[in-house]
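For reference, the structure is listed below as structure tokens.
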Amino acid sequence: MVKRVEFVAKDIIAENERLAAKLRSLYDELGVKVLEFLGGPGSGKTLVIERLLELMTKDVDPSSIVYIGGDVATSLDAERIAKYGVKTIQINTGGTCHLEVPHIEEAIKALGGPQELSKARIMIIENVGNIICPFNFPLGAHLRIMVADVAEGEDKFVKHPLSTMVSDLIVINKIDIADAMGVNVDKMIEDAKRINPRAPVVLVSAKKGLGIGKLYRLILDMLGEEAPNA
Ligand code: MG
Ligand code: ZN
């Protein structure tokens with residue numbers, strides 16, 4: 001006789017959502033604003049974060065910024081971020097293709113617990129590079145920021161409507177190479193806005209530093225923070 005314990009994706013997702021709501025309460029209690037960056041591998045999440053940190057660390061003491069990076073096996077991204085003087089924690093998922101609430105709970109422990117997190121003003125979570133399941137597992141962030149790039153294909157948002165729909169802010173990266181790639185950026189914006197009318201769409205080139213100031217001010221605005229250099 002074979003006994004089976006079946007997990008339905010829907011149940012796992014519902015349980016994660018319950019835990020994510022608890023995390024959000026913790027963030028609010030501690031007074032830390034949380035940004036989560038999601039997107040496919042190579043979409044430029046880390047570079048967008050680096051560019052934002054260049055601006056953010058002028059306004060906010062780097063020691064009051066925490067970065068948690070999810071990666072399957074390396075600490076390459078965290079090493080890039082650590083250069084900005086922010087507190088950096090790398091989570092290696094050991095093969096899992098997205099972060100879940102317990103990963104964040106462990107990272108907070110590694111940071112020194114909620115007392116340490118309460119000293120932070122901003123926490124940045126970079127999810128594992130993956131355009132599908134990270135979007136199904138919220139981590140309680142105040143803003144979920146989708147990073148898509150023009151090289152991934154013009155139909156990115158149409159092909160991933162669920163990921164597009166749950167994002168609060170959509171960043172289209174690598175606009176400097178859109179022409180060379182033969183990508184119609186206006187069509188991408190149109191698709192994104194049709195699928196998710198509530199999310200602002202921002203065009204950037206993290207590599208060239210284009211659109212980053214606008215993105216930064218928008219993020220502060222959406223978080224309800226003052227933008228000192230706006
Ligand atoms: Mg990265
Ligand atoms: Zn996954």
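For the single chain, residues carry numbers from 1 onward in sequence order. The structure presented is a predicted model; accordingly, all values stated were derived computationally and were not measured. One-based numbering, in listed order, for ligands and for the atoms of each.
Remark: K159 pairs with no residue by the side-chain hydrogen bond (donor to acceptor under 3.5 Å, both in side chains) rule, at least two apart or across chains. Applying the side-chain hydrogen bond (donor to acceptor under 3.5 Å, both in side chains) criterion to Q90, with sequence neighbours excluded, gives no partner residue.
Under the 4.5 Å side-chain criterion, counting only non-hydrogen atoms from C-beta, I145 is in contact with I219. Contact of the M146 side chain with the F135 side chain is registered, since non-hydrogen atoms from C-beta on lie closer than 4.5 Å. Here the side chains of L223 and L143 are in contact, with some heavy-atom distance below 4.5 Å. Using a 4.5 Å cut-off on side-chain heavy atoms (C-beta onward), D71 and V128 make no contact.
At least one donor-acceptor pair under 3.5 Å links the side chain of E152 to the backbone N or O of D149.
Under 2.8 Å from the Mg ion (ligand 1), one finds the following protein N/O/S atoms: T46 OG1, D77 OD2, E126 OE2.
Partner K87 forms a side chain to side chain contact (heavy atoms under 4.5 Å, CB included) with one of V66, L117, I68 and no other, that one being V66. A salt bridge (Lys or Arg N to Asp or Glu O under 4.0 Å) with E36 is found for one member of R24, K45, R144 and no other, namely R144.
Of all protein N/O/S atoms, those lying under 2.8 Å from the Zn ion (ligand 2) come to 3.
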